[in-house]
Every structure is written in structure tokens, then in C-alpha cells.
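Heads up: the structure comes next, in C-alpha cells.
Position 1 is the first residue of the sequence; numbering continues from there. Basis for what follows: all heavy atoms, side chains included, without hydrogens, waters or symmetry-related copies. Counting starts at 1 for both ligands and their atoms, in listed order.
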Amino acid sequence: MIAYLEQHFLHDDTNNDSLEPQQQQQPILQSMNLTGTIDTTVATTTSAATDFGNLHVTTPLAVIKPSNTHDIVSVIRFASQSQTLTVAPRGNGHSINGQSTAHKGLILDMKNNNELVKLVKKNGCYAVDVNGGMLWEDILRKCVGKYGLSPRSWTDYLGLTVGGTLSNAGVSGQTFRYGPQTSNVTELEVVTGTGDVVVCDHGRNSDLFFAVLGGLGQFGVITRAVRVLVQPAPDMVRWIRVIYSEFSEFTRDAESLITRKEGESFDYVEGFVFVNSDDPVNGWPSVVLDPDQVYDPTRSGNRVLYCLEVALHYSKGNCSSTVDTRVEKLLGRMRFMDDAIFQMDLSYVDFLLRVKEAEKQAKANGIWDDAPHPWLNLFVSKSAIEDFDRVVFKKILKDGIGGPMLVYPILRSKWDERTSVVLPEGDIFYIVALLRFTNPSYQKSPSVRDLVLQNHEIVQICNRNGLDFKLYLPHYNTQEGWKQHFGDRWSSFVEMKSRYDPLAILAPGQKIFTRQQ
Ligand code: FAD
């Protein structure tokens, strides 16, 4: 039966996409006997053919909504009996370059909003067991609402699944203290590419545990029982932005904040670059936290400025003068421009959900759902960040990118080197995130092609100047590119692949391995 499927639907490139697949493929796929659903309608396969990047279209054969781990096993075993079928676990499809798609393959739609969050206590530490398909925003609400507890390490935007961020790293302004999200899980249940269900942690099947973290979906599907470390959730947050005209002062203060002991620093440290103009997207209006706040752009003659964004947690019981005193003490040692400071108080949950508001506005402006997002994310070593600023921020991107240009330091010591994530050298490196938003209906917008080319140019300039960096959320079209990315970690990555997904069934959208027969 699978041979029939391949002959009729997988090998015919001429008119497959115009067939009405729902009538013809469904009976064969039904032989998997799933409790969940299989959807081969054009509407569903078309929507799973793209992702947040909206840069590529890769149409799958079917989208499968598993209802349990057994369904995932059945799908992988079904695919492994064929010569060519692949299986892509898809979280919320918020990748940029088709990483969660599968050309004529099977999509496992992992997103799951209805799951419970279960509190566990082990070795004196609290953690929650969550489903790999849950969105972080649901985990936040459930953890804080039910237990008054919260995961320690986040992403900026929480409409992402646990499995999706753990397959990369998961970084934000708390990473300097707690490490990425991959450093904050203690146990996983995984279905490997051989269809085996494996529970793994630091001690049990630890090779699989570390390979899956940052493993780009290559070794197994993260299913249930993701154990995430939690701690008491604070009530409130003082959210602060200060402005610098000099990059060296910005980095000096940012690095000082992330290397201080807990209690002697802020609880969140990020930063971004902006244009010294009144442009609503690229200029200072993007810096103020409240529309009533105003910044005078004549204060600095520099074209490009820097904003350090910090936050301090506190409890409702703290009176505001106590919070003011703590904030003043921390800010007192910093060298931002006089009076270039914006601040506001908000609840911890609202702070963590702050990008949701930007999402709503972007949706209303038509630049979120269907618009292209040619984003570029890099980890740049501290040794290279001044050069990066000089060549990229101050020259190539001096007029902005139509969205945030994040740059902030992270401590390498908070990352577990046994995971699959690869990092640049040095104790400190910076995340650089070029989060480009384009408006296809705005005629003056540069073309998406030009923006993608500009991303390539930036990467090439880094290479030519010998800057030490690694792509985050990496994307390469050739195995040579991947080999260089992984460097001396490549051979162990390949070995783990041959151990846990020897036929290269999983996550084909990453374009690392070719499906074996
Ligand atoms: P998908 O895009 O669906 O999948 C990503 C990869 O993971 C694919 O290869 C897929 O096959 C695999 N995968 C998905 N689920 C599973 C699973 N259960 N088991 C195994 N493999 C799986 N990243 C940060 O670190 N910090 C941020 O602040 C941040 N902010 C973002 C904001 C926005 C608006 C967007 C679009 C992205 C952001 N990202 C950020 C990047 C994001 O973390 C990654 O793109 C992540 O992979 C998206 O999660 P997802 O659930 O949509 O995954």
C-alpha cells in the first residue's frame, strides 16, 4: 500500500499539487489506525506549506494531529516502511526558512492548547511536567495562575511551543542568569526516528537527551513529560530602557550587569540598536515605553543609538520608594545619556506577554501573518562585536531594518556544552537578531529578495573579516554549510543521527540530511 502511495503521489512531480488528495490518499494513510486525525485537504496542506518566514512554499502530503505518543510512533513507523516519506514535527510553525515543513511528507501538528501543567518536586527542586506541543504563553498562565510559580528562562515572544524552542535553544533577557531554555529542562519523553519511545535525562539515555536539546528536530519528537524547572513568580516588574550614544559604553554596562551576582543586578537584561530619528518603526518612537514619553533626537549627533533594556522583579508588598532606591542604586553605576531613561511598572505576566501587544498591532497592519519575514539571528563572540557594530549596524543597517535589531550579551557558562547547540568562542557572546518586518502593500519597501541578499552580505562580511560567530536558528541549503556550522561537533551530530534516525525521516525542512531508502 505504501508503495502505491509513493508511486502515485510522491514521484509524480507534474500535477500532484493539483490532484484532490483528500479522496485519494486518505484511505492509505488511514491504515495507520490513529486515534488522532489525518487531514489531506488542500486548505490544510497549504497552510502547513509555509511558516512565519513566508519565504518558501513546501507542500506536505498530509497533516496529522496525533492524540497521543502511540500515534506518533505509528506515523514514524509508517514512514519508515516507505522509501521516501519524511515526518516533520511542527510546533507553531514560527520558523523562518521552512524548518518545520516536509516536501510531500507528513506533518505532525504538535501544537496542543488543552494540556495540563503538573507540578512535581524532585531533589528539593520544583518543576512542571508539560506537553511538548504547549505554547509557552499557556504554560505561563497556568503555572502562575495555579501554583504561583514560573519557569525561569523565556523567549521574548511566547506564542512558540516547548518542542520548537527546545529544538533550538530559547533565549531572552533571563538567559544570562539561568541559561537558555535548553538548560532549564531536566527530563524529556522522545519518540526517535526508529519509532522508539525513550524517556531521557542527565542520567538515563543522556546521549539522546543532550542531542535533542538544540537538535533541530533531527533525533526525535519531543512528546510528553517535558520537565521544566520553576521558581516562585514575582508579582511585579519595573521595566526600564536607557539610551547610549556610544556602543563601547553600552556593551560595558551590559556586560557588567550580566556578570554580577544575583541580587546585585537586574533580573532581565537585553538591548537593541535604533536610528536617531523620529521614524515610528526604526527611530526613537520605538524606544519609549509609553506614548506620552518623548525623546529629543538632537541630544546626540550619532546616526545610530543603543538602548539597554532591563527589568527588576519585585513583590506587591514592596513600597515604591524601596523599588526606586534599588533601581537608582543599580542605574547609578551606568553610563547612559543623561535623562535618557524610560520606565514603567507592570505585572510579571504582562511583562512576559509584552510582545503579544506588538503582535496584535502587526496583525492589524497586515505585517504578521502572511507577510514575509526575512530574519537573521546570530551569536557573535564578544571579541567580534565592536567590529560587527562598526561594519554592520553603523554602515549596512544605519537606516534600520523595519523592525527590532536586538543585541545583548549572554554568558557561555550558563549553557550546557553537551547539547547540540553550537556557540562562538569566549566566555561572553552576543545574540544579534535582525527582526525584519516587510509590508508587501507598501511600494517603497525593499524587495524581500534584496533583504535576503542583505542577510547573505552580512554573513559574508562576518566571514571575510574573520569575525567569530554562529548562526542561531541556523539555515543552510547544503551539507557543506552544515559541516562548517557544526565544525568539530559535526561527526558526533552525524553519529547521533545514524543512531536515532538512521533513515533521516525526521525534520527534513532543516535540509541537513537526505532521506535514506
Ligand atoms: P516550529 O517552527 O514549528 O519548529 C521548529 C523546528 O523544531 C522544526 O525543525 C521542527 O521540526 C522542530 N520541532 C517542533 N516541534 C518539535 C517537537 N515537539 N519535537 C521535536 N522537534 C520539534 N527564539 C528565541 O530563542 N528567543 C526569542 O525571543 C524568540 N522570539 C521569536 C519571536 C517570533 C515572533 C518568532 C517568529 C520566532 C521567535 N524565536 C525566538 C524563534 C523560535 O524560538 C523558533 O523559531 C522556534 O523553533 C519556534 O517554535 P515553533 O513552536 O513555532 O517551532
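For Ser172, no nitrogen or oxygen atom sits less than 3.5 Å from a nitrogen or oxygen atom of ligand 1, counting backbone and side chain alike. The shortest N or O to N or O distance between Trp368 and ligand 1 is not below 3.5 Å. Looking at Ile96 next to ligand 1, no N or O pair under 3.5 Å apart turns up. Of the polar atoms of Gly164, at least one N or O is found under 3.5 Å from an N or O of ligand 1, judged by distance alone. At a 3.5 angstrom cut-off on N or O pairs, Gly93 counts as close to ligand 1. No N or O atom of Trp375 sits closer than 3.5 Å to an N or O atom of ligand 1. Residue Gly132 has no nitrogen or oxygen atom sitting less than 3.5 Å from a nitrogen or oxygen atom of ligand 1, judged on distance alone. The shortest N/O to N/O separation between Gly91 and ligand 1 falls below 3.5 Å. In terms of N/O distances under 3.5 Å, ligand 1 is not approached by Thr155. An N or O contact shorter than 3.5 Å links Pro89 to ligand 1 by distance.
Checking Thr165 against Trp136 by side-chain atom types alone, a donor-acceptor pair falls below 3.5 Å. For the residue pair Thr69 / Glu189, a side-chain donor-acceptor distance below 3.5 Å is found, with atom types taken as modelled. A side-chain donor-acceptor contact under 3.5 Å links Tyr268 and Glu309. Defined by atom type and a distance below 3.5 Å, a donor-acceptor pair is present between the side-chain atoms of Gln454 and Arg436.
The shortest distance between side-chain heavy atoms of Leu140 and Val349 falls below 4.5 Å. Using a 4.5 Å heavy-atom cutoff, the side chains of Ile72 and Ile64 are not in contact.
Paired with Tyr306 under the rule side-chain hydrogen bond (donor to acceptor under 3.5 Å, both in side chains), one option of Asp389, Asp253, Thr251 passes, and it is Asp389. Of the candidates Ile505, Val75, Leu61, Leu61 is the only one forming a side chain to side chain contact (heavy atoms under 4.5 Å, CB included) with Leu85. Here the options are Thr40, Thr41, Thr46, the test is side-chain hydrogen bond (donor to acceptor under 3.5 Å, both in side chains), and the partner is Thr44; only Thr41 passes. Screening Asp207, Asp196, Thr194 for a side-chain hydrogen bond (donor to acceptor under 3.5 Å, both in side chains) involving Tyr500 leaves a single residue, Asp207.
Here the side chain of Thr161 pairs a donor or acceptor atom with the backbone of Gly164 at under 3.5 angstrom.
Ligand 1 has no atom lying under 4.0 Å from any heavy atom of Gly133. Using a non-hydrogen distance threshold of 4.0 Å, Asp51 does not register as a contact of ligand 1. Heavy-atom distances between Ala88 and ligand 1 stay at or above 4.0 Å for every pair.
In the vicinity of Arg90, heavy-atom distances shorter than 4.0 Å reach the ligand 1 atoms 3 (O). Contact atoms of ligand 1 toward Phe52: 36 (C) (distance under 4.0 Å to a heavy atom of the residue). Under a 4.0 Å criterion applied to the non-hydrogen atoms of Gly217, ligand 1 contributes the atoms 21 (N). Residue contact check: Leu216 has heavy atoms under 4.0 Å from atoms 9 (O) of ligand 1. For ligand 1 and Thr165, the ligand atoms under 4.0 Å from any heavy atom of the residue are 43 (O).
Counting only heavy atoms of the protein, atom 47 (O) of ligand 1 lies nearest to Asn168 ND2, 2.9 Å. For atom 26 (N) of ligand 1, the closest non-hydrogen atom on the protein side is Val171 O, 2.8 Å. Looking only at heavy atoms of the protein, atom 50 (P) of ligand 1 is closest to Asn92 N, 3.4 Å. Ranking the protein heavy atoms by distance from atom 8 (C) of ligand 1 puts Gln99 O, 3.5 Å first. For atom 51 (O) of ligand 1, the nearest protein heavy atom (residue, atom name, distance) is Thr161 OG1, 2.6 Å. The protein atom (non-hydrogen) at minimum distance from atom 52 (O) of ligand 1 is His94 N, 2.7 Å.
Of the listed options Leu135, Leu506, Leu473, Leu473 places a heavy atom closest to atom 41 (C) of ligand 1. Between Val191, Val221, Asp156, it is Asp156 that holds the heavy atom closest to atom 28 (O) of ligand 1. Closest to atom 17 (C) of ligand 1 by heavy atom, among Val190, Asn377, Leu435, Ile222, is Ile222. With atom 30 (N) of ligand 1 as the reference point, the heavy atom nearest to it among Phe437, Trp136, Tyr157, Tyr472 is part of Tyr157. One option in Asp109, Leu160, Thr182 has a heavy atom closer to atom 40 (C) of ligand 1 than any other, and that option is Leu160. Considering Ser95, Gly220, Ser167 only, the shortest heavy-atom separation from atom 22 (C) of ligand 1 involves Ser167.
Lys65 has a carboxylate O that lies under 4.0 Å from a charged side-chain N of Asp109, or vice versa, which qualifies the two as a salt bridge.
Under a cutoff of 6.0 Å and an axis angle of 45°, Arg489 and Phe493 do not form a cation-pi pair.
By the 30° and 60° cut-offs, the orientation of the rings of Tyr157 relative to His94 is parallel. Trp490 and Phe513 have parallel rings, their planes meeting at less than 30° on a 0 to 90° scale where 60° marks the start of perpendicular. Under the 30°/60° scheme for interplanar angles, the aromatic rings of Phe210 and His202 are found to stand perpendicular.
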If you apply the rule side chain to side chain donor-acceptor pair (under 3.5 Å), what do you find for Ser172 with Asp156, and how did you get there? CA-CA 6 Å; Ser172 186; Asp156 295 342; 2.6 Å; yes
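Surrounding NE2 of His313 are more than 12 heavy atoms belonging to other residues, nucleotides or ligands, all under 6.0 Å away.
For Gln510, every heavy-atom contact with ligand 1 shorter than 4.0 Å involves the side chain, none the backbone.
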